[in-house]
Amino acid sequence: MSNGKNSSGKAGGGAGKAASAGRDFIRAIIDEHNRTGRYDGRVHTRFPPEPNGYLHIGHAKSICLNFGIAAEYGGLCNLRFDDTNPSKEEVEYVESIKEDVRWLGFDWEDREYYASDYFEQLYGYAVELVKMGKAYVCDLSSDEVREQRGTLTEPGRESPYRNRSIEENLDLFERMRAGEFRTGARTLRAKIDMTSPNINMRDPVTCRIMHSSHHRTGDQWCIYPMYDFAHCCSDSIERITHSICTLEFEDHRPLYDWYLEELGIFHSQQIEFARLNLTYTVLSKRKLLLLVEGGYVSGWDDPLMPTISGLRRRGYTPESIRDFCNRIGVAKNDTRVSIDLLAHCLREDLNKQAPRVMAVLRPLKVVIDNYPDDAIEDMEAVNNPEDPSMGTRMLPFSREIYIERDDFREDPPKKFFRLAPGREVRLKHAYFITCIDVVKDTKTGEVTELRCTYDHETRSGDAPDGRKVKGTLHWVSAKHSITATVRLYDHLFAKENPDDVGKGEDFKDFLNPNALEELKGCRLEPGLARAGSVDRFQFLRHGYFCVDSRDSTEGAPVFNRIVPLRDSWAKIEKKQRS
RNA sequence: UGGGGCGUCGUCAAGUGGCAAGACACAGGACUUUGGAUCCUGGAUCGGAGGUUCGAAUCCUCCCGCCCCAACCA
């Protein structure tokens, strides 16, 4: 281990831009290793998921870090499944993990490893420990072990089996492997120090008996290594230089080092960073599993979920997620990042890329009285004002159109620039129209239709006489538009920190009842009938949307709102109300 | 009360003894055929108290607060 007592500060060795100081403490450590030659300038990381659930955006942070660092330093990053607990792991999860890492844009090439591939080697290491008198077979039950472990403030007591002879240990351990004992009957324990203030060092279990079949090794084994033993050895076997993990493993580092030191094998450096927390959601596989199993969401890929598959189905781009991960930085502070930043990254990405289209989510019919009954005009519309190379398209205009219900107020408040009785507004890419009459349902009083007139001179949205109009509305031609279902998503949880539960509360109590609003009968411009599952659009003045990959069908499209546009009118309105 | 970490703008986060980066959010303004985008402008003295120093967010001391650890989970 390097201890930073050094003179000059030039970061040498390594590579290119990664050598610049002050980016984050992990890169600083690597720079130091490169400077002192600890790993001969080699940088080799790994992303080590346990296949017991789907990856979420917290994992994305780790993936970006591990693959990102490897790339920056001209090194490699392995994908390694930490599959040492067959009772929780499944192939479905390994498949999803591979898909997600790939989708995020990272490539582990042929370096797809499994801790389970090392079981035989790990067994060998365990035997070595036994031979060195550094491990023993213990017959205590888990309850007894717990009882003898001591507490945070009291030391533990030594197991009565702690001083078995090496021969007896060897024999017993071999028989553990052979399946002579039932699940949980015995364990192999590292002989360290029952009085250590670090509880992880109080003779931790190294291998346990579990008669359950493993998703890769089947029934080949009935003993399985514990995380602390398997992980450091796997890192060593793969000659990982920097084993980056989250803060809760900080206390485990002495044990990580102990195994490698006693075994005298390649010694990777474990480095811990703070895991990601996000506002208005939870980022723990256990809690996400509970939401899935309890039917609180439609599955791991529910667009409300912070899982990679959920974000993908919701419409997030891998670029925006990577950008987010780079922006949040890496440190050791226990923090909760605002989900607004993720939304910002998506908007920034899509603002440049997404073609603009017109979609009326809550349609209100408008009849243009002085427009010819059967006329249809093609209006030219820019596809993306941010990028003229994306060209234009034609939109059909006719006498009956739909506008957004929110774009009309019979009694407009201050600063409301949109349509109202007697008001003139611009229809984007079309004409100026003026509202001359409001048709209501005689019973309910609900506005059912607007009668307007248009100014023929304002075609394409400009008045030759130079008169200005404050509002510009999007619209679709009534008879040309297609009908679709649109799902508007809000935060999964209504509370900023759902992990903050008082006594008697459960995180699920804070689920946002309005997280999903489904709108039927939305009217979209005709071209959207051909929208594909990889397309992402900006619905003008609404936000960014994509076709739902699961529920959308040929004649009945379903769109997901990825993220809304910033809405300064909503802010003004809110301020006016208070 | 044991051990391991962490405390810099509302939220992340640089800074490692020489006048506190940046981003998101927020506020104000400009521009605008998206109340979008873009463009200006504004704001923290660094958990607290002492001390060392010409000079401290950066060093020392004490205090306060938060997180993690007592699975044969990872």
Side-chain angles (χ1 to χ4, degrees), chain A residues 4 9 21-24 28 48-50 52 82-85 87-89 138 140-142 145-147 149-156 183-189 196-202 204-210 223-224 226-228 230-231 245-254 272 274 279 285-286 327-338 340-345 347-348 351-352 356 358 381-382 385-386 415-418 426-430 432 458 460-462 469-474 538-543 564-573:
Chain A
R23 289 201 300 158
D24 61 61
E50 183 192 9
N52 67 343
D82 221 332
D83 54 351
T84 56
N85 184 355
S87 69
K88 292 185 175 174
E89 298 153 6
C138 180
L140 258 23
S141 70
S142 57
V145 170
R146 184 182 315 127
E147 194 187 312
R149 185 153 29 223
T151 66
L152 295 178
T153 52
E154 301 157 22
T183 294
R186 290 184 222 260
T187 57
L188 182 74
R189 291 228 262 163
S196 172
N198 181 343
I199 294 174
N200 294 304
M201 301 298 271
R202 319 237 265 227
V205 172
T206 297
C207 293
R208 80 285 215 184
I209 301 171
M210 278 178 107
I223 57 172
Y224 293 93
M226 296 292 289
Y227 165 85
D228 288 298
H231 204 91
C245 62
T246 44
L247 247 30
E248 66 270 27
F249 292 104
E250 216 151 15
D251 282 345
H252 294 240
R253 184 162 16 105
E272 312 85 10
T279 57
K285 275 199 261 184
R286 189 184 64 82
R327 289 200 202 205
I328 55 178
V330 188
K332 300 184 77 160
N333 299 334
D334 183 17
T335 57
R336 186 168 295 269
V337 176
S338 168
D340 289 349
L341 182 60
L342 216 209
H344 169 83
C345 292
R347 289 193 193 103
E348 190 170 86
N351 178 47
K352 296 283 192 302
R356 272 58 169 171
M358 302 230 256
V382 173
E386 299 292 320
K415 293 192 180 165
F416 183 84
F417 301 153
R418 285 111 96 146
R426 169 169 39 234
L427 294 177
K428 180 95 175 169
H429 305 307
F432 284 13
T458 58
S460 87
D462 254 329
V469 98
K470 279 245 180 157
T472 300
L473 313 186
H474 60 276
Q538 184 192 106
F539 284 8
L540 223 62
R541 302 208 299 139
H542 280 302
L565 247 27
R566 298 191 61 186
D567 187 351
S568 48
W569 165 241
K571 274 182 206 164
I572 293 168
E573 212 180 14

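Computed from heavy atoms alone, side chains included, the values below leave out hydrogens, waters and symmetry copies. Note on naming: letters A, B, ... go to the chains in the order of the sequence lines (proteins, then strands), and numbering restarts at 1 for each one.
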What is the base-pairing partner of C72(B), counting Watson-Crick and G-U wobble geometry with both distances under 3.5 Å?
none
Using the side chain to side chain contact (heavy atoms under 4.5 Å, CB included) criterion, which residues pair with Ile199(A)? Sequence neighbours excluded.
Arg149(A), Leu152(A), Arg202(A)
When all nucleic acid strands are considered with a 4.0 Å heavy-atom cut-off, which category describes Lys415(A): base, sugar-phosphate, or nothing?
base
Phe416(A) near the nucleic acid: base, sugar-phosphate alone, or nothing, with a heavy-atom cut-off under 4.0 Å?
base
What nucleotide, of C24(B), G5(B), A37(B), holds the atom closest to the side chain of Arg327(A)?
C24(B)
Distances for protein N/O vs nucleotides 7-9 of chain B N/O pairs under 3.5 angstrom?
| residue | atom | partner | partner atom | Å |
| --- | --- | --- | --- | --- |
| G7(B) | OP1 | Asn333(A) | OD1 | 3.1 |
| G7(B) | O5' | Asn333(A) | OD1 | 3.1 |

Atom P, compared across U45(B) and A21(B): separation rounded to whole Å:
12 Å
Please give, in whole Å, the distance from U32(B) P to Phe417(A) CZ?
14 Å
Just call it for Glu154(A): base, sugar-phosphate, or nothing, with non-hydrogen atoms closer than 4.0 Å on any strand.
nothing
May I have the distance from Arg23(A) (atom CZ) to A21(B) (atom C1'), rounded to whole angstrom?
16 Å
Which pair of non-hydrogen atoms, one from Val382(A) and one from His429(A), has the smallest distance, and what is that distance?
N-CE1, 3.6 Å
For G7(B), the Watson-Crick or wobble counterpart (both distances under 3.5 Å)
C64(B)
Would you mind calling A71(B) syn or anti? Take O4'-C1'-N9-C4 for purines or O4'-C1'-N1-C2 for pyrimidines, and syn is within 90° of 0.
syn
Salt bridge Glu50(A)-Lys285(A), side-chain N to carboxylate O under 4.0 Å:
no
Give Asp462(A) one of three labels, base, sugar-phosphate or nothing, depending on what nucleic acid heavy atoms sit under 4.0 Å from its own.
base
Between His231(A) and His252(A), is any pair of side-chain heavy atoms under 4.5 Å apart?
no
Heavy-atom check, side chain of Thr472(A) versus side chain of Arg541(A), under 4.5 Å
no
Using the P atom as the point on both nucleotides, what is the distance between U1(B) and U41(B), in whole Å?
50 Å
Asp340(A) CG - C12(B) C1' separation (whole Å)
12 Å
State, with a plain yes or no, whether a side-chain heavy atom of Phe416(A) is found less than 4.5 Å away from one of Glu573(A).
no
Residue mapping more 5' on RNA chain B - nearest nucleotide basis, Leu565(A) or Thr335(A):
Thr335(A)
So what's U32(B) paired with, Watson-Crick or G-U wobble, going by both distances under 3.5 Å?
none
Does any non-hydrogen side-chain atom of Val330(A) lie less than 4.5 Å from one of Arg23(A)?
no
Atom CD1 of Ile572(A) and atom C1' of G28(B): how far apart are they, to the nearest Å?
13 Å
Integer-rounded Å distance: U32(B) P and Lys428(A) NZ
13 Å
Let's test this: given Watson-Crick or G-U wobble pairing with both distances under 3.5 Å, identify the partner of A27(B).
U41(B)
Just the atom pairs and distances: protein N or O near nucleotides 38-40 of chain B's N or O, under 3.5 Å.
none

Indicate yes or no: at least one non-hydrogen side-chain atom of Leu247(A) is less than 4.5 angstrom from one of Asp334(A).
no
Note: Met358(A) and Lys428(A) closest approach over all heavy atoms is CE-O, 3.7 Å
Identify whether any heavy atom of Leu341(A) sits under 4.0 Å from a base atom; if not, whether one sits that close to sugar-phosphate; answer base, sugar-phosphate or nothing.
sugar-phosphate
Using atom C1' in both nucleotides, what's the gap between G4(B) and C9(B) to the nearest angstrom?
29 Å
Considering only atom P, compute the distance from C63(B) to A27(B) and round it to an integer number of Å.
43 Å
Summarise protein proximity over nucleotides 41-47 of chain B in one line of letters, 5' to 3': B for base, S for sugar-phosphate only, - for none, counting protein heavy atoms closer than 4.0 Å.
-------
Is there a side-chain contact between Met226(A) and Thr187(A) in this structure, where contact means two heavy atoms from C-beta onward sitting under 4.5 Å apart?
no
Each nucleotide in nucleotides 65-74 of chain B should get exactly one letter: B, S or -. Can you fill that in based on protein heavy atoms under 4.0 Å?
--SBBBSBSB
Classify the nucleic acid contact of Arg189(A) as base, sugar-phosphate or nothing, counting any heavy atom under 4.0 Å across all strands shown.
nothing
Any-strand Watson-Crick or G-U partner of C46(B), both distances under 3.5 Å:
none
Output all residues satisfying salt bridge (Lys or Arg N to Asp or Glu O under 4.0 Å) with Arg418(A), sequence neighbours left out; order by chain, then residue number.
Asp407(A)
Side chain of Lys332(A) - closest among G2(B), C6(B), G36(B)
C6(B)
Considering only atom C1', compute the distance from C62(B) to C67(B) and round it to an integer number of Å.
22 Å
Expressed in whole Å, how much space separates the P atoms belonging to U58(B) and U16(B)?
12 Å
Judged by nearest nucleotide, the residue sitting upstream toward the 5' end of RNA chain B, Val337(A) or Arg426(A), is Val337(A)
Give one of base, sugar-phosphate or nothing for His474(A), where a contact means two heavy atoms less than 4.0 Å apart.
nothing
Distance between C1' atoms of G17(B) and G55(B) (Å, rounded):
8 Å
Report yes if some heavy atom in the side chain of Arg208(A) is under 4.5 Å from a heavy atom in the side chain of Asn85(A); otherwise report no.
yes
Separation of Asp251(A) CG from Glu272(A) CD (nearest 0.5 Å)
9.0 Å
Could you check, using the six-membered ring where one of them is a Trp, whether His542(A) and His474(A) have ring centers closer than 6.0 angstrom?
yes
Interatomic distance, CD1@Ile209(A) vs OH@Tyr224(A), rounded to 0.5 Å, equals 12.0 Å
Answer with base, sugar-phosphate or nothing: what part of the nucleic acid does Leu427(A) contact at a heavy-atom distance below 4.0 Å?
nothing
Is the number of heavy atoms from other residues, nucleotides or ligands under 6.0 Å of Lys470(A) NZ greater than 12?
no
Arg426(A) side chain reached by Thr458(A) side chain, heavy atoms, under 4.5 Å:
no
Using a 4.0 Å heavy-atom cut-off, does Arg566(A) contact any base of the nucleic acid, only the sugar-phosphate backbone, or nothing at all?
sugar-phosphate
What distance, rounded to whole Å, do you find between the two P atoms, one in G15(B) and one in G7(B)?
12 Å
